[in-house]
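Whatever order the structure lists ligands and atoms in, that order sets their numbers, starting from 1. Being a predicted model, the structure only gives us computed values, none of them experimental. Here, residue 1 is the first one in the sequence, and each next residue gets the next number.
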Amino acid sequence: MYTLIDGKKVASDIRREISEEVAKIKKEGGKVPNLVTILVGDNASSQSYVANKLKDCQEVGFESSLVKYDTDISESEVLGKIAELNADEHVDGFIVQLPLPDHISEHRVIEAIDPSKDADGFHPVNIGRMTIGLPSYLPATPYGILELIKRYNIPTAGKRCVVVGRSNIVGRPVSILMSRKGIDATVTVAHSRTPNIGALLLEADIVIAALGIPGFVKADMIKHGAAVIDVGTTRVSCDDLPRGWRLKGDVDFENVAPKCSFITPVPGGVGPMTRVALLKNTLMAAKLKSSNR
Ligand code: GUN
C-alpha cells in the first residue's frame, strides 16, 4: 500500500505558519511582506498560476499586486519596470511569470532582477549560491518538492534519484538540491536525448518526473517501493468537466501508484507546494531587508 502525498494539506499547514509570522510582524509594528508579480500576455495557465499566487498572498496577509502587460509590450519596457521595482523600497520581492513571448529574452529579464528581490530564485546569483550550498532563495518547485520529501520522511541518503527533465525552473535545480549534503541522493538527470529512460527509471528509488509529457512514466518503468514525485501539469481535454479540461501529470498514476512507497497526485501534490515556496521566499526577502535597515 502506498502513501499518497497530500501537497494541499502540507501547503495549507505552511501557509498557517506564515500567517502566524505575518501577524507577529504586524503586532510588533514591522513591515508586512510585499510581493509584486509581472505577467506578460494571456497564456491561460500563467493567468491561473498568477491568480492563485495573489490569492495565497492575501490569505497569509502579505501585500501583493499585479503588473499586467499585453503580449506586444517591448522588452525594454519590461526591463524598465524591473529597474523601478528593484529601486522601490516598499517592494520586498517580485517575479516575472514565465514563459515570456518570444521577442522578450527570458535571460535578460531574469538577470535584470536584483538578486535580493528574486522571489523565484531564478537569478544566476541565487542559482550559483544554491549550487555551492550558500543561503539563497530556492526556485519554487524544487523547494516545494524538497519540503514534501522532508515532511513525509522519504529516505534520500544514498538513494538513487532519477530526475526526468532538465529545465532551469525544475529539473536542473532539483537535481542539484537532491545531491546536496544532508540530502545525499545519487542523482541522474535524464532528458529528451537520453536513450531508454525506462531502464534508468527502473533503478531509481526516487523518481522526479518534470518533462511535461502527460502519462509518460509507466508502471513497467518503476521499481517496487519507489517514491514518485510528479511535477507535470498539462491541461488535457475532458468532456466530463464544464471547463472542458483537467490537469494531467507526467506519471500514469493509476497503474504506477500500486508499485510505489510514496506518490504525489496531480493536482494536489507538487503544485500547491510551489505556490507556498514563493511565500516563503518573499517572507525571507522581507526579513532580510528589515534586518539590514
Ligand atoms: N512558470 C512556471 N512555473 C513558474 C515559476 O515558478 N515562476 C515563474 N515566474 N514562472 C513560472
Considering non-hydrogen atoms of the protein only, which is the closest contact for atom 1 (N) of ligand 1, and what is the distance? Leu98 O, 2.9 Å
Heavy atoms of other groups near Lys218 NZ, more than 12 under 6.0 Å: yes
Check each of Lys159, Arg160, Lys223 against Asp205 using the side-chain hydrogen bond (donor to acceptor under 3.5 Å, both in side chains) test, and report the only one that passes. Lys223
Could you tell me if the side chain of Asn126 sits less than 4.5 Å from the side chain of Asp120, heavy atoms only? no
Salt bridge (Lys or Arg N to Asp or Glu O under 4.0 Å) with Arg16: which residues, sequence neighbours excluded? Asp13
Pro99, any N or O under 3.5 Å of ligand 1 N or O: no
Return the minimal non-hydrogen interatomic distance between Lys280 and Ile14, and the atom names on each side. CE-CG2, 3.8 Å
Tell me whether Gln97 has any N or O atom under 3.5 angstrom from an N or O of ligand 1. yes
Numbered atoms of ligand 1 (with element) below 4.0 Å of Phe122, judged on heavy atoms: 5 (C), 6 (O), 7 (N), 8 (C), 9 (N)
How does Val96 reach ligand 1, by side chain, by backbone, by both or by neither, if only non-hydrogen atoms under 4.0 Å count? backbone
Tell me, please: is Asp120 in heavy-atom contact with ligand 1, that is, under 4.0 Å? yes
